[in-house]
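Okay, so here's the structure we're looking at.
Remember, it's 1-based here, ligands and their atoms both numbered in the order they're listed. Values reported hereafter were calculated over all heavy atoms of this structure, with side chains retained and with hydrogens, waters and symmetry mates removed. Residue numbers start at 1 and run along the sequence shown.
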Amino acid sequence: MRISDRVVRFVLKPVVFLASLSPAAWLVWAGLTGNLSANPLSDLTNETGVWTLRFLCATLAITPLRRLTGWNPLIKFRRMAGLFAFFYGTLHFLTYVIADRFAGLDFPNGIVAWTTVRNLAKSVGEDIYKRPYITVGFTAWTTMVPLTATSTAGMIRRLGGKQWNQLHRLVYATGCLGVLHYWWLVKADIRRPLTYGAVVAALLAFRLIKRTGVGIRGAVSRLAWRRTTVE
Ligand code: HEM
């Protein structure tokens with residue numbers, strides 16, 4: 001199948017962009033029209049968390065899918081998927097800050113005051129320190145910051161391809177930490193975190209097999225070449 005660059009750029013990319021934005025649009029609509037549950041802030045935290053993980057899986061899936069299908073334009077969607085993972089991750093973090101931390105504060109000098117900012121930062125910091133699944137979630141989000149900051153063509157040029165690739169392997173840690181965070185926070189039914197864990201493990205295993213496969217193939221061909229030159 002041959003799809004021109006123009007179709008990818010002007011049709012497929014805008015469609016994928018709008019589709020990626022639709023969960024956020026749905027959440028805003030559901031929030032404003034009262035279509036969330038009795039605990040809307042918890043719904044928002046959970047939904048944005050799951051969408052972060054889905055976009056992380058999509059980002060990690062692009063390289064294996066490209067190799068398996070041979071459809072190279074897929075790579076043009078990787079940056080978008082990664083940026084959407086960061087977008088939903090940041091929404092998730094912000095809903096946690098508001099729903100979980102801000103809601104529990106006292107406001108001795110009114111809401112709009114420096115003490116509010118200070119108390120909020122203290123409360124978030126203490127919670128990240130105290131609750132292990134929050135520590136892991138926050139670490140996962142932090143790993144996405146340098147990935148997002150270096151996602152532009154200018155940054156790729158400035159860092160150089162090799163260094164950029166090395167830095168962007170951090171996304172493997174993001175995926176693992178995201179799954180660990182989810183696993184840690186569920187109380188009883190671990191089927192969903194287990195499923196995401198299996199997906200992330202399969203996507204990382206693909207890379208490992210690819211690398212060791214190439215390594216083994218390279219070693220075999222070097223050995224064969226040595227033999228023929230010695231003989
Ligand atoms: C890559 C980053 C992250 C990913 C992939 C992620 C993923 C998730 C997922 C999948 C859920 C569960 C949704 C459900 O039960 O349906 C969740 C819940 C939650 N996450 Fe995250 N998260 C991330 C970062 C963070 C950060 C930075 C924080 C806060 C510092 C955080 C705090 C929470 C909280 C409070 C919940 C709700 C727990 C509950 O059910 O009470 N997460 N997250």
Quick check: are there more than 12 heavy atoms from other residues, nucleotides or ligands sitting under 6.0 Å from OH of Y133?
yes
Keeping to residues at least two apart or across chains, list the side chain to side chain donor-acceptor pair (under 3.5 Å) pairs with something in residues 97-118.
D100-R131, R101-S123, N109-T115
Answer side chain, backbone, both or neither: which part of M144 comes under 4.0 Å from ligand 1, heavy atoms only.
side chain
Please name all residues satisfying salt bridge (Lys or Arg N to Asp or Glu O under 4.0 Å) with D5, sequence neighbours left out, ordered by chain then number.
K76
Subset of ligand 1 atoms that lie under 4.0 Å from at least one heavy atom of I134
30 (C), 32 (C), 35 (C)
What's the shortest distance from atom 37 (C) of ligand 1 to any protein heavy atom, and which residue and atom give it?
N46 OD1, 3.5 Å
What is the total of protein N/O/S atoms that are closer to atom 21 (Fe) of ligand 1 than 2.8 Å?
2
The residue among R192, K187, R191 that forms salt bridge (charged side-chain N to carboxylate O under 4.0 Å, His left out) with D189 is R191
Is the backbone of R54 close enough, under 3.5 Å, to the side chain of Y196 for a donor and an acceptor to pair up by distance?
no
Aromatic rings W29 and W26: how do their planes relate, parallel, tilted or perpendicular, breaks at 30° and 60°?
tilted
The side-chain hydrogen bond (donor to acceptor under 3.5 Å, both in side chains) partners of N46 (sequence neighbours excluded) come to none
